[in-house]
Amino acid sequence: AGLYTNPNGRGGNLKMLELKNITKNYGSKQALDHVSLTLENGIYGLLGPNGAGKSTLMNIITGNLKPSSGTVLWNEENVHDMGAVYRSLLGYAPQQQGLYDTFTGIRFLSYMATLKGIPKKKHRDEIQRVLNYVNLTAKAYRPIGTYSGGMKQRILIAQAILGDPHLIVLDEPTAGLDPKERVRIRENILNISGGKIILVSTHVVSDIESIAKEIILLREGKIVGCDTVSSLCKKHGDVKNLEQVYLQVFEEEENNGNSHTI
Ligand code: ADP
Ligand code: MG
């Protein structure tokens with residue numbers, strides 16, 4: 001950490017997450033193969049078909065899973081050594097949902113706020129803030145089990161932004177949603193993104209094409225591209241959109257029976 005502190009009190013200097021040579025094996029299955037990556041402020045789209053290793057990578061970034069080898073650094077410090085400090089600057093919406101169907105929205109968020117160590121006296125304001133962000137204030141006292149798929153994803157995003165973390169990891173936040181709900185999630189992500197590092201995984205190109213600063217292409221555990229949409233299009237023979245890039249990069253998987261559609 002530097003000496004400079006910027007006026008909003010969040011600490012100045014560039015914030016940076018670095019992955020260095022991350023490999024992950026599940027038994028004999030290699031899910032990640034020497035993944036190296038540097039993320040700075042902005043939205044990054046992690047794009048790849050099912051089984052590419054997106055969730056594994058996100059679980060390693062969030063500290064829920066240990067890599068077989070390699071390190072994750074936050075501003076050049078190993079996150080493994082940062083413990084609670086790292087967790088307090090991290091928000092995570094996991095891929096699976098439905099764990100808290102009996103909780104009301106508000107109870108779920110206060111539970112998560114407690115887990116995150118947000119002081120009790122700040123809970124009320126903070127929960128109001130995040131509910132408002134994802135347009136769920138009106139549904140706060142309903143059980144999550146009664147929510148639509150889109151509302152469930154939005155309450156997951158809401159808990160991820162509790163405490164205003166600098167690094168936000170969203171694992172397939174649009175999975176199973178209809179086009180209208182997808183647009184809402186996209187707008188929510190764009191709304192929370194100012195001055196933050198956001199990593200969003202998906203296998204649906206349109207979810208991230210218009211909002212991501214850079215797209216990370218993950219194929220069979222390897223990063224095969226990390227660039228702006230326009231640069232990726234150029235590199236892949238001047239194709240006109242990310243869909244075309246996707247088809248080129250993941251063609252083999254397509255033929256092997258995996259699909260990038262839902
Ligand atoms: P994605 O999120 O891109 O669909 P995952 O990270 O979930 O990919 O999975 C990557 C690969 O690792 C897949 O082949 C998957 O079957 C395998 N895998 C994931 N989790 C486990 C696990 N706990 N044990 C064994 N293999 C796993
Ligand atoms: Mg996944």
Side-chain angles (χ1 to χ4, degrees), residues 17 19-37 39 43-72 79 90-100 149-150 152-157 159-160 167-177 181-182 185-186 188-189 197-209 211-212 214-227 232 242-243 245-262:
L17 182 80
L19 309 186
K20 295 206 162 159
N21 270 313
I22 298 283
T23 292
K24 177 69 189 178
N25 305 311
Y26 297 109
S28 62
K29 165 82 198 173
Q30 183 164 50
L32 294 174
D33 184 2
H34 295 89
V35 168
S36 293
L37 202 58
L39 306 182
I43 301 174
Y44 293 83
L46 180 59
L47 184 61
N50 289 328
K54 303 182 294 299
S55 295
T56 300
L57 187 62
M58 289 182 146
N59 276 308
I60 287 170
I61 289 173
T62 56
N64 294 309
L65 198 62
K66 264 186 67 159
S68 305
S69 62
T71 46
V72 182
V79 301
L90 174 72
Y92 171 48
Q95 188 171 358
Q96 77 279 8
Q97 46 166 267
L99 298 174
Y100 299 100
K152 284 182 181 175
Q153 291 292 4
R154 282 189 275 137
I155 201 98
L156 273 182
I157 292 175
Q159 65 75 29
L167 170 64
I168 298 174
V169 176
L170 307 173
D171 197 353
E172 301 218 32
T174 54
L177 302 188
E181 289 173 322
R182 304 188 104 88
I185 297 287
R186 216 149 66 206
N188 284 157
I189 294 170
I197 302 173
I198 304 206
L199 182 64
V200 191
S201 73
T202 183
H203 54 262
V204 179
V205 164
S206 60
D207 284 345
I208 46 167
E209 181 160 28
I211 62 167
E214 288 187 21
I215 307 291
I216 302 157
L217 299 169
L218 189 65
R219 188 185 145 192
E220 294 175 347
K222 290 192 187 71
I223 293 187
V224 293
C226 177
D227 218 326
L232 287 172
L242 190 59
E243 184 92 59
V245 174
Y246 190 103
L247 290 173
Q248 276 189 33
V249 172
F250 299 109
E251 196 177 33
E252 276 169 46
E253 275 95 326
E254 287 267 286
N255 296 339
N256 290 339
N258 269 329
S259 173
H260 69 286
T261 55
I262 334 159

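Read the numbers this way: they start at 1 and go in the same order the structure lists the ligands and their atoms. The shown structure was predicted, so the numbers you read here are calculated from the model rather than taken from an experiment. Excluded from the calculations below are hydrogen atoms, water molecules and symmetry mates; all remaining heavy atoms, backbone and side chain alike, are included.
For atom 3 (O) of ligand 1, a protein heavy-atom neighbour is found at a distance under 4.0 Å. Proximity of atom 15 (C) of ligand 1 to the protein is not indicated, since no non-hydrogen protein atom lies closer than 4.0 angstrom.
In this structure, the separation between OH on Tyr92 and CG on Leu170 is 10.0 Å, given to the nearest 0.5 Å. Note: Ile223 CD1 to Leu19 CG = 7.0 Å, rounded to the nearest 0.5 Å. To the nearest 0.5 Å, atoms OG (Ser68) and CD (Gln30) are separated by 8.0 Å.
Annotation: Lys54 places an N or O atom under 3.5 Å from an N or O atom of ligand 1; distance criterion only.
Within ligand 1, counting atoms from 1 as listed, the ones closer than 4.0 Å to a heavy atom of Asn50 are 4 (O).
Counting protein heavy atoms only, atom 8 (O) of ligand 1 is closest to Gly53 N, 3.1 Å. When only non-hydrogen protein atoms are considered, atom 19 (C) of ligand 1 lies nearest to Tyr26 CE1, 3.3 Å. Taking atom 7 (O) of ligand 1 as the reference point, the nearest protein heavy-atom neighbour is Ser55 CB, 3.8 Å. Regarding atom 5 (P) of ligand 1, its nearest protein heavy-atom neighbour is Thr56 OG1, 3.7 Å.
Partner Leu217 forms a side chain to side chain contact (heavy atoms under 4.5 Å, CB included) with one of Asp227, Leu47, Leu46 and no other, that one being Leu47. Applying the side chain to side chain contact (heavy atoms under 4.5 Å, CB included) test between Lys24 and each of Ile60, Asp33, Val35, Leu57 identifies Ile60 as the sole match.
Ile215 is not listed as a side-chain neighbour of Val245, based on a closest heavy-atom distance of 4.5 Å or more. Annotation: side chain of Pro94 is not in contact with side chain of Asp171 (no heavy-atom distance under 4.5 Å). Looking at Ile208 and Ile43, their side chains never come closer than 4.5 Å, going by heavy atoms from C-beta outward.
Less than 2.8 Å away from the Mg ion (ligand 2), the protein contributes these N/O/S atoms: Ser55 OG, Gln95 OE1.
Listed here is the closest heavy atom pair of Ile185 and Gln153: CD1-CB, 3.8 Å. Nearest heavy-atom pair, Asp207 versus Arg186, reported as atom, atom and distance to 0.1 Å: O-CD, 3.2 Å.
Contacts of Lys29 with ligand 1, taken as heavy-atom pairs under 4.0 Å, involve the side chain alone. Using a 4.0 Å cut-off between heavy atoms, Pro49 contacts ligand 1 through its backbone alone, with no side-chain atom that close.
Each salt bridge (Lys or Arg N to Asp or Glu O under 4.0 Å) pair with one or both residues in residues 44-71, not counting sequence neighbours, appears once here: Lys54-Glu172.
Using a 4.0 Å heavy-atom cutoff, Gly51 is listed among the residues neighbouring ligand 1.
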